[in-house]
Student: 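I'd like to ask some things about the structure below.
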There are 2 protein chains.
Amino acid sequence: MDQIDNQILSIIHENARITVSEMSRKIAMSQPAVTERLRKLEEQGVIKGYKAVLSPSKLIKYTTAFVLLKSNNCKEFEEFGEASPEIIDFYRTSGEYNYLLKVVTATSETLEAFLERCNTFGFSSTLVVLSTRFEDKSLVADAKLL
Amino acid sequence: MDQIDNQILSIIHENARITVSEMSRKIAMSQPAVTERLRKLEEQGVIKGYKAVLSPSKLIKYTTAFVLLKSNNCKEFEEFGEASPEIIDFYRTSGEYNYLLKVVTATSETLEAFLERCNTFGFSSTLVVLSTRFEDKSLVADAKLL
DNA sequence: TGTGAAACTGCATCGTC
DNA sequence: GACGATGCAGTTTCACA
């Protein structure tokens with residue numbers, strides 16, 4: 001994990017479909033060398049995968065919310081969580097609430113229906129997202145490069 | 001946006017670095033046709049980009065938390081948010097709190113330091129993530145395909 | 001839009017340092 | 001580890017349906 005690996009991570013976090021050749025040009029290193037470094041970063045688990053970022057609104061999902069939930073019924077609630085397509089992110093947390101969910105639904109009505117199902121598992125509190133300033137900022141500190 | 005587009009989105013959300021040829025095999029369609037559909041999905045903004053998923057712990061970031069914040073000082077707080085590398089996701093929300101942040105830091109000590117800076121902008125409440133059940137589940141309902 | 005064929009480009013691999 | 005060369009795989013482009 002040196003400076004070059006950081007550059008690779010930064011570039012590929014920006015655009016996961018960039019070709020290895022283009023990357024090798026950007027960081028002034030041969031193509032096989034970049035390929036080998038990428039392979040190792042994947043192997044070590046530094047890179048866990050590559051995902052397309054999709055637009056919820058273009059997929060007719062207009063409501064995003066965070067749901068905090070306090071449940072005793074953990075086993076059952078986790079099964080419910082796995083099976084609910086509305087839940088995009090699912091975290092266990094410390095504090096008054098033991099679960100935090102990011103939920104994306106078509107409208108506020110479908111969110112309401114989801115919350116009613118949630119409330120069978122415990123007490124919940126919901127924060128509706130009004131707007132997203134940014135999402136998924138790079139974890140790599142040194143993001144400055146060409 | 002037909003069934004084939006859904007398949008393309010599902011596949012590319014799963015693995016953004018898949019080749020178009022491999023995709024064209026999976027969905028039994030010619031490679032130029034898939035390329036053209038991909039191009040349109042990007043152009044329409046359905047696909048907003050492609051990101052590598054990095055492992056926080058492999059980058060020596062062991063603490064993830066969600067910070068709820070109530071601030072009157074919105075302009076200044078948003079500038080602070082833009083400039084803070086610890087903040088990975090930044091949302092404006094309805095309810096008692098008007099901001100929700102996902103924060104990733106090295107340790108609980110660095111989280112504490114960050115929270116102290118936050119508290120100059122208003123009242124905050126923090127939920128520390130104990131574990132992540134899943135993250136970034138597909139928005140495309142029909143995720144079943146080979 | 002979708003297809004098939006041809007030219008081009010990028011990638012995996014190997015030998016070398 | 002990184003480089004340069006090479007054969008193969010993937011992509012782009014185009015004429016045609």
Side-chain angles (χ1 to χ4, degrees), chain A residues 1-61 138-146, chain B residues 1-61 138-146:
Chain A
M1 277 298 308
D2 57 7
Q3 194 50 40
I4 295 176
D5 283 335
N6 267 0
Q7 288 188 21
I8 291 175
L9 293 177
S10 180
I11 291 171
I12 209 146
H13 183 264
E14 190 81 9
N15 173 16
R17 277 184 79 75
I18 192 172
T19 62
V20 174
S21 331
E22 205 176 327
M23 256 176 66
S24 71
R25 274 173 235 133
K26 285 197 184 198
I27 62 184
M29 183 178 245
S30 76
Q31 183 256 324
V34 175
T35 303
E36 180 62 10
R37 278 170 177 267
L38 247 192
R39 197 192 60 71
K40 285 189 183 162
L41 288 168
E42 291 171 0
E43 193 183 60
Q44 294 164 4
V46 180
I47 298 175
K48 293 200 286 184
Y50 305 96
K51 296 213 162 187
V53 183
L54 307 184
S55 161
S57 65
K58 294 290 165 67
L59 296 168
I60 327 291
K61 311 241 176 196
S138 178
L139 287 172
V140 186
D142 148 77
K144 292 144 209 154
L145 35 88
L146 262 201
Chain B
M1 277 298 306
D2 58 8
Q3 194 49 40
I4 295 176
D5 284 335
N6 267 359
Q7 289 188 22
I8 291 175
L9 293 176
S10 179
I11 292 170
I12 209 145
H13 183 264
E14 190 80 11
N15 173 16
R17 277 185 80 74
I18 191 172
T19 63
V20 175
S21 331
E22 205 175 328
M23 256 174 70
S24 71
R25 274 174 235 130
K26 286 198 184 198
I27 63 185
M29 184 179 243
S30 78
Q31 194 257 358
V34 175
T35 303
E36 180 61 11
R37 279 170 177 268
L38 247 191
R39 195 192 61 71
K40 286 190 182 163
L41 288 167
E42 290 171 0
E43 193 182 59
Q44 294 165 4
V46 180
I47 298 174
K48 295 200 284 184
Y50 305 95
K51 297 212 160 187
V53 182
L54 308 183
S55 161
S57 64
K58 294 290 164 65
L59 295 167
I60 328 291
K61 311 238 175 199
S138 177
L139 286 173
V140 185
D142 149 76
K144 291 143 206 152
L145 36 85
L146 260 201

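Convention: sequence-line order gives letters A, B, ...; per-chain numbering from 1.
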Student: Which nucleotide, dT3(C), dG10(C), dT1(C), lies nearest any side-chain atom of M29(B)?
Tutor: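 Nearest to the side-chain atoms of M29(B), counting from C-beta on, is dT3(C).
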
Student: Could you check R17(A) against A33(A) and say which one's nearest nucleotide on DNA chain D is further toward the 5' end?
Tutor: A33(A)

Student: In whole Å, what is the span from the CD1 atom of I18(A) to the C1' atom of dT11(D)?
Tutor: 16 Å

Student: Kindly give the heavy-atom pair with the smallest separation between A52(A) and I47(B), and that separation in Å.
Tutor: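 Closest approach of A52(A) to I47(B): CB-CG2, 4.5 Å.
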
Student: Mind calculating the distance between NZ (K40(A)) and P (dG1(D)) to the nearest angstrom?
Tutor: 5 Å

Student: Return the set of residues passing side chain to side chain donor-acceptor pair (under 3.5 Å) with Q31(B) (not counting sequence neighbours), or none when no residue passes.
Tutor: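 Side chain to side chain donor-acceptor pair (under 3.5 Å) list for Q31(B), sorted by chain: empty.
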
Student: Would you name the heavy atoms of M1(A) and N6(A) that are closest together and state the gap between them?
Tutor: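 Taking every non-hydrogen atom into account, CE-OD1, 3.4 Å.
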
Student: Whole-Å distance between dC14(C) C1' and E36(A) CD?
Tutor: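 Spelled out: CD on E36(A) to C1' on dC14(C) is 13 Å.
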
Student: For dT9(C), take OP1 and OP2 only and decide whether either is under 4.0 Å from a side-chain N or O of T19(A).
Tutor: no

Student: Any protein N or O atoms within reach of nucleotides 15-17 of chain C? Criterion: under 3.5 Å, listing atom names and distances.
Tutor:
none

Student: With rounding to the nearest 0.5 angstrom, report the CD1 to CZ distance, I27(B) to R37(B).
Tutor: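 If we round to the nearest 0.5 Å, I27(B):CD1 and R37(B):CZ are 7.5 Å apart.
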
Student: Over how many whole Å does the gap from E42(A) atom CD to dA12(C) atom C1' extend?
Tutor: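 Going from E42(A) (CD) to dA12(C) (C1'), I get 14 Å.
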
Student: Looking at every strand, decide which applies to R39(A) at a 4.0 Å heavy-atom threshold: base, sugar-phosphate, or nothing.
Tutor: nothing

Student: Look at the side chain of S30(B) and decide which nucleotide, out of dC3(D), dG10(D), dT3(C), has an atom nearest to it.
Tutor: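 Nearest nucleotide to the side chain: dT3(C).
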
Student: Between M23(A) (CE) and dT9(C) (P), how many Å, whole number?
Tutor: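 Atom CE in M23(A) sits about 21 Å away from atom P in dT9(C).
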
Student: So, using side chain to side chain donor-acceptor pair (under 3.5 Å) as the criterion, who are the partners of R17(A) when residues are at least two apart?
Tutor: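 For R17(A), no residue satisfies side chain to side chain donor-acceptor pair (under 3.5 Å) once neighbours in sequence are set aside.
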
Student: I need the M23(A) CE to I12(A) CD1 distance, nearest 0.5 Å.
Tutor: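 It comes to 5.0 Å.
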
Student: Does R39(B) have any side chain to side chain donor-acceptor pair (under 3.5 Å) partners at least two apart in sequence or in another chain, and if so, which?
Tutor: E36(B), E43(B)

Student: Give the rounded distance in Å between these two atoms: CD1 of I27(B) and C1' of dT3(C).
Tutor: 14 Å

Student: Just by distance, do the side chain of S10(A) and the backbone of Q7(A) share a donor-acceptor pair under 3.5 Å?
Tutor: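 No, S10(A) side chain to Q7(A) backbone: no donor-acceptor pair under 3.5 Å.
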
Student: Please report, rounded to the nearest Å, how far the P atom of dA12(C) is from the CZ atom of R37(A).
Tutor: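 Interatomic distance, CZ of R37(A) to P of dA12(C): 17 Å.
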
Student: Please enumerate all protein N or O atoms sitting under 3.5 Å from an N or O of nucleotides 12-17 of chain D, with distances to 0.1 Å.
Tutor:
none

Student: For E14(A), enumerate each residue passing the side chain to side chain donor-acceptor pair (under 3.5 Å) test, keeping only those at least two apart in sequence or located in another chain.
Tutor: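 By the side chain to side chain donor-acceptor pair (under 3.5 Å) rule, E14(A) matches no residue at all.
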
